[in-house]
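To find a chain, count down the sequence lines: A is the first, B the second, and so on, and within it residues start at 1. Reckoned from all heavy atoms, side chains included, excluding hydrogens, waters and symmetry mates.
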Amino acid sequence: MWELTSHLHMKGGTFLEIIETGDGILLKNAEDFEPMHVFECGQCFRWHRQDDGSYRGVAMGRLLTVRKDSSSIMLQGATVQEFNSTWRKYFDLDRDYGQIKSRLAEDEVLKRAVEFGYGIRILNQDIWETLVSFIISANNRIPRIMRTVESLCACYGERRKASGAEYYSFPGPGTIASLSEDEVRSCGCGFRAPYIIDAARRVSGGEVDLDGIREMDTVHARKSLMELRGVGPKVADCVLLFSMHKYDAFPVDVWVKRVMEHFYIKEDAGLGRIQEYASEKFGNLAGFAQQYLFYYIRELFGRELSGSR
DNA sequence: TTGCAGGGGTCAA
DNA sequence: TTGACCCCTGCA
């Protein structure tokens with residue numbers, strides 16, 4: 001049953017049409033949006049593929065199912081109000097990815113990577129959740145990171161209901177600050193448990209202001225994040241890119257290191273050299289380039305090896 | 001069945 | 001620069 005049409009938004013020369021249906025929001029003409037690419041390019045850990053190919057997840061405290069049919073995207077469980085206040089920004093829908101891709105595709109390697117992961121979008125995720133998730137990601141693999149995050153939410157998140165389904169929010173810094181190391185460890189966090197508790201105490205106590213860090217330039221924001229225990233260059237760059245709109249951040253993990261050495265630098269290179277190279281070559285699109293490259297190299301060579309992040 | 005090697009960011013020595 | 005950290009997977 002279709003209801004109410006229609007909220008029109010300009011986006012890169014085409015109109016994104018937003019239609020409210022009985023059980024969600026339908027986005028027509030949503031270009032450059034492929035749920036599999038968005039949710040499986042390593043930027044998020046609470047989205048799960050369903051048997052019908054849709055993805056269901058909890059983000060920004062809400063349960064949502066995302067489904068793609070031909071050229072439309074269905075956001076099942078969302079209202080127009082939630083779309084405007086939350087999902088539009090979360091899915092970065094006001095950005096013209098077509099333009100970004102054509103600029104990146106001037107480079108031969110990225111041309112292939114962009115063709116492969118054509119529907120990637122960089123999500124604007126909650127900063128606290130992104131910080132904790134990527135502290136957990138250190139020395140870890142994606143399936144285990146997902147299990148650990150779910151376990152933290154199930155044990156210490158808030159239990160909520162939406163359209164008959166139960167789900168758990170991500171526990172806030174105040175909640176985690178009150179937990180013991182054993183309680184956090186028991187969720188599968190391992191040696192990262194003290195880092196997570198330390199971050200929770202400093203954030204909930206006001207010593208660290210995550211929103212304030214987001215307002216800094218990339219260099220200072222990165223430095224501030226790295227003052228947290230368990231946050232090195234890679235974790236800091238992921239937080240910058242996936243929750244703070246710092247699109248010049250270029251997270252370098254083993255896969256990105258491999259792809260940069262193999263295709264560009266042609267020899268072993270340290271982190272500093274790789275980031276310098278990326279910054280010169282991709283500039284303020286470095287973060288986008290990183291996502292296309294990561295998805296491309298991992299899907300081609302890595303998936304059966306590990307699933308690491 | 002068991003046990004061991006390997007993977008992966010950050011910290012501390 | 002290097003080993004330890006926690007846990008899972010793959011393979012003898």
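A straight line from CG of A:L225 to P of B:dT10 spans 12 Å, rounded to a whole angstrom. Atoms CG (A:D198) and P (B:dT10) sit 16 Å apart, rounded to a whole Å. If you measure from atom CE of A:M146 to atom P of C:dC8, you get 15 Å, rounded to the nearest angstrom. With rounding to whole Å, A:R222 atom CZ is found 13 Å from B:dT10 atom C1'.
Figure legend: cation-pi geometry between A:R95 and A:Y247, with NZ or CZ positioned under 6.0 Å from the six-membered ring centre and within 45° of its axis.
Surrounding CD of A:Q99 are at most 12 heavy atoms belonging to other residues, nucleotides or ligands under 6.0 Å away. Atom CD of A:Q81 sits in a sparse spot, with 12 or fewer heavy atoms from other residues, nucleotides or ligands closer than 6.0 Å. Heavy atoms of other residues, nucleotides or ligands lying less than 6.0 angstrom from NE2 of A:H48 number more than 12. Summarising the local packing, CZ of A:R103 is surrounded by 12 or fewer heavy atoms from other residues, nucleotides or ligands at distances under 6.0 Å.
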| message | For a salt bridge (Lys or Arg N to Asp or Glu O under 4.0 Å) check, start with the C-alpha distance between A:R202 and A:E207, then their side-chain angles and the critical distance, and finish with the verdict. | response | CA-CA 5 Å; A:R202 290 164 73 175; A:E207 182 191 332; 3.2 Å; yes
Using a cutoff of under 3.5 Å, can you pull out all pairs of nitrogen or oxygen atoms linking the protein to nucleotides 4-6 of chain C, with atom names and distances?
{"from": "C:dC6", "atom 1": "OP1", "to": "A:R185", "atom 2": "NH1", "distance (Å)": "3.0"}
{"from": "C:dC6", "atom 1": "OP1", "to": "A:R185", "atom 2": "NH2", "distance (Å)": "3.1"}
{"from": "C:dC6", "atom 1": "O2", "to": "A:R144", "atom 2": "NH1", "distance (Å)": "2.9"}

For nucleotides 11-13 of chain B, list the nitrogen or oxygen atoms of the protein found under 3.5 Å from its nitrogen or oxygen atoms, one pair per line.
{"from": "B:dC11", "atom 1": "OP1", "to": "A:G230", "atom 2": "N", "distance (Å)": "2.8"}

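In this structure, A:Q125 and A:Y90 have side chains that are in contact, with non-hydrogen atoms separated by less than 4.5 Å.
Cluster membership for A:I127 and A:L152, using ILVMFWY side-chain heavy atoms within less than 4.5 angstrom, is shared.
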